[in-house]
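The next block holds one structure in the form of structure tokens; read it before the comments.
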Amino acid sequence: MPDSLTVTDNRTGRTYDVPIENGAIRASAFEQMSAADSDHGLMVYDPAFMNTASCTSRVTYIDGDRGILLYRGYPIEQLAEHSTFLETAYLLVHGELPSASQAAEWQHEVTIHTLVHENVKTFIDGFHHDAHPMGILLSTVGALSTFYPDATRIYDADQRRISIYRLIAKMPTLAAFAYRHSRGYPYIYPDNDLSFAGNFLSMLFKMVELQYRPAPEVEKALDVLFILHADHEQNCSTNAMRCVGSSHPDPYSATAAAIAALYGPLHGGANEAVVRMMERIGSTDRIPDFIAGVKAGKERLMGFGHRVYKNYDPRAKVLKQMAEQVLSVTATSPLIEVARELERIALEDEYFVKRKLYPNVDFYSGFIYRAIGIPVEMFPVLFAIPRTAGWLSQWEESLLDKEQKISRPRQVYLGERARDYAPMDRRG
Ligand code: CMC
């Protein structure tokens, strides 16, 4: 039996064979199914891409029912334990783990591109003191495109390569500058003797000491957080990256669009929303009231639920354990008790069980960021830094995919058909 679907259009009685490839059928196969000469064939209606694959990809694999996440085939738990963020970024971009010389070259290239043009400081200075750092980040990343006009040559492999180095390297610098601006602190330049995570901590927290030395546990924890956030296949921001990239702007502009998509509280802004929610709940005795409000549809339990995971998010598993470890060496947070209890109650509650709502990556990450001393409004920014590696891998894959074209969805039009313009005195 060939892998195909036999479809009968009951309007016409005609039957069609639609091939099944890789567990999918092509939506364009339905175009041929029309009931009258005037109709343009059947469309597939799928608001919010609930069951539509918009691309083929070889970057990240998720099995949401079994709680599995693989980058280029490697389980996230193994990468979190054995890899570093920079090595993982190489893996995402190139498809294979680097050899020693490839790793050294990659590290060198990313490290030497960490500085930003001095003018960047000038326009960051123009932001209000309480501007959200995610707003600053997305604007400055977009602005980078004006500094590198050659980046528009997206079909030149060398240009793509240098844009990838620059974006991965400069993201922590811009993120740290956004934070320093909000505090009124002087900007700290990158320290190329430090690791990727260590350098970011230095740019965030260095004051008057000659050299900032991050605590090794904190540096390691941040690096693992970066690994866990580096990619997550076709989510809202990755889709924004691919969609905007499909009209062929430079990658800085496409990355700015991806950052904007990540900003929302249903996506990368959820880590910030989780901590604000925990602060509002305040103590374990107030959890039952809060849960009752969630079940009554008044609000959502932030950090819970996922479009794809219908099981424990594997990233949340690593983070839960890490939060306990980090909090044992830093000041503990009274809110971790609230989180543990909230999780326990939710996982037993019929509302959450029935809907397969489990903790996601954002449920515990905020506790670690807070223990490290990172303010809550920086949390989505901390998501954007590592995700840049994933966005760029997906962007390049999309550009080189011969099947891809400019993204242009169809619509099911339900509005008025043609009618004559009415002057104001004749409108009802
Ligand atoms: N709290 C309470 N109810 C929820 C939640 C939640 N966090 N998430 C989903 N539901 C309910 C929802 O009300 C709906 O119930 P019903 O069938 O009775 O209408 C059902 O579960 C299905 O929800 P949905 O909104 O149709 O699911 P979705 O796939 O469109 O949404 C989601 C996925 C992540 C946006 C959603 O679960 C959510 O809003 N979670 C809270 C925000 C959050 O933690 N986001 C971070 C996601 S992980 C990081 C990332 O990759 O962005």
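The basis for the numbers below is simple: all heavy atoms, side chains too, and nothing from hydrogens, waters or symmetry mates. Residue indices begin at 1 and follow the sequence shown. Each ligand, and each atom within it, is numbered from 1 in the order the structure gives.
Within the 4.0 Å heavy-atom criterion, neither part of Phe363 lies near ligand 1. Only the side chain of Val294 comes within 4.0 Å of ligand 1, counting heavy atoms alone; its backbone N, CA, C and O stay farther away. Of the heavy atoms in Leu357, only side-chain atoms (C-beta onward) come closer than 4.0 Å to ligand 1. Looking at Arg300 against ligand 1, both its backbone and its side chain come within 4.0 Å, counting heavy atoms.
Among the atoms of Asp362, none of the N or O lies under 3.5 angstrom from an N or O of ligand 1. Taking distance alone, with nitrogen or oxygen atoms compared against 3.5 Å, His232 stays at or beyond that limit from ligand 1. For ligand 1, the polar-atom distance check finds an N/O of Tyr351 within less than 3.5 Å of one of the ligand's N/O atoms. At under 3.5 Å, not a single nitrogen or oxygen of Val361, backbone or side chain, sits near a nitrogen or oxygen of ligand 1. At under 3.5 Å, not a single nitrogen or oxygen of Phe383, backbone or side chain, sits near a nitrogen or oxygen of ligand 1. Ligand 1 has no nitrogen or oxygen under 3.5 angstrom from a nitrogen or oxygen of Lys310. An N or O contact shorter than 3.5 Å links Phe304 to ligand 1 by distance.
Other residues, nucleotides and ligands place no more than 12 heavy atoms under 6.0 Å from the CD atom of Glu96. At most 12 heavy atoms of other shown residues, nucleotides or ligands fall within 6.0 angstrom of atom CG in Asn51.
Side-chain polar atoms of Ser237 and His267 form a donor-acceptor pair below 3.5 angstrom.
Atom 42 (C) of ligand 1 has as its closest protein heavy atom Met302 CE, 3.5 Å. Atom 47 (C) of ligand 1 has its closest protein heavy atom at Asn360 ND2, 3.6 Å. In terms of protein heavy-atom proximity, atom 30 (O) of ligand 1 is closest to Arg307 NH2, 2.9 Å.
Those atoms of ligand 1 with a heavy atom of Gly303 less than 4.0 angstrom away are 43 (C), 44 (O). Near Leu266, meaning under 4.0 Å from one of its heavy atoms, ligand 1 places the atoms 39 (O), 45 (N), 46 (C), 47 (C). Counting atoms of ligand 1 from 1 in the listed order, those under 4.0 Å from a heavy atom of Leu301 are 1 (N), 2 (C), 6 (C), 7 (N). Taking a cut-off of under 4.0 Å to the non-hydrogen atoms of His267, the atoms of ligand 1 that pass are 46 (C), 50 (C), 51 (O), 52 (O). Listed by atom number, the atoms of ligand 1 under 4.0 Å from Ala270 heavy atoms are 43 (C), 44 (O), 45 (N), 46 (C).
When distances from atom 16 (P) of ligand 1 to the protein are checked, a heavy atom turns up under 4.0 Å. There is no protein heavy atom closer than 4.0 angstrom to atom 19 (O) of ligand 1. When distances from atom 34 (C) of ligand 1 to the protein are checked, a heavy atom turns up under 4.0 Å. By the definition of a contact as any protein heavy atom under 4.0 Å away, atom 27 (O) of ligand 1 is not in contact.
No side-chain heavy atom of Thr88 sits less than 4.5 Å from a side-chain heavy atom of Tyr74. Residues Leu137 and Val381 are in side-chain contact: their nearest non-hydrogen atoms beyond the backbone lie under 4.5 Å apart. A 4.5 Å side-chain heavy-atom check between Leu399 and Arg160 finds at least one atom pair inside the cut-off.
Below 30°, between 30° and 60°, or above 60°: for Phe205 and Tyr179 the angle between ring planes is above 60°, a perpendicular geometry. Taking the six-membered ring where tryptophan is involved, the planes of His113 and Tyr165 are essentially parallel, since the angle between them stays under 30° and well short of 60°.
With values rounded to the nearest 0.5 angstrom, Asp63 atom CG is found 9.5 Å from Tyr309 atom OH. Here the CG atom belonging to Leu144 is positioned 9.5 Å from the OG atom belonging to Ser253, to the nearest 0.5 angstrom.
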Decide yes or no on ring-ring contact (aromatic ring centres under 6.0 Å, His included) for Tyr187 and His181, but give the supporting numbers first. CA-CA 8 Å; Tyr187 303 120; His181 172 74; 7.0 Å; no

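Ring centers of His248 and Tyr155: under 6.0 Å apart, within the cut-off.
Annotation: cation-pi geometry not satisfied between Arg300 and Phe304 (NZ/CZ under 6.0 angstrom from ring centroid, within 45° of ring axis).
A salt bridge does not link Glu350 to Arg355: none of the charged side-chain nitrogens sits closer than 4.0 Å to a carboxylate oxygen.
Around atom 11 (C) of ligand 1, the closest heavy atom drawn from His306, Arg387, Arg355 belongs to Arg355.
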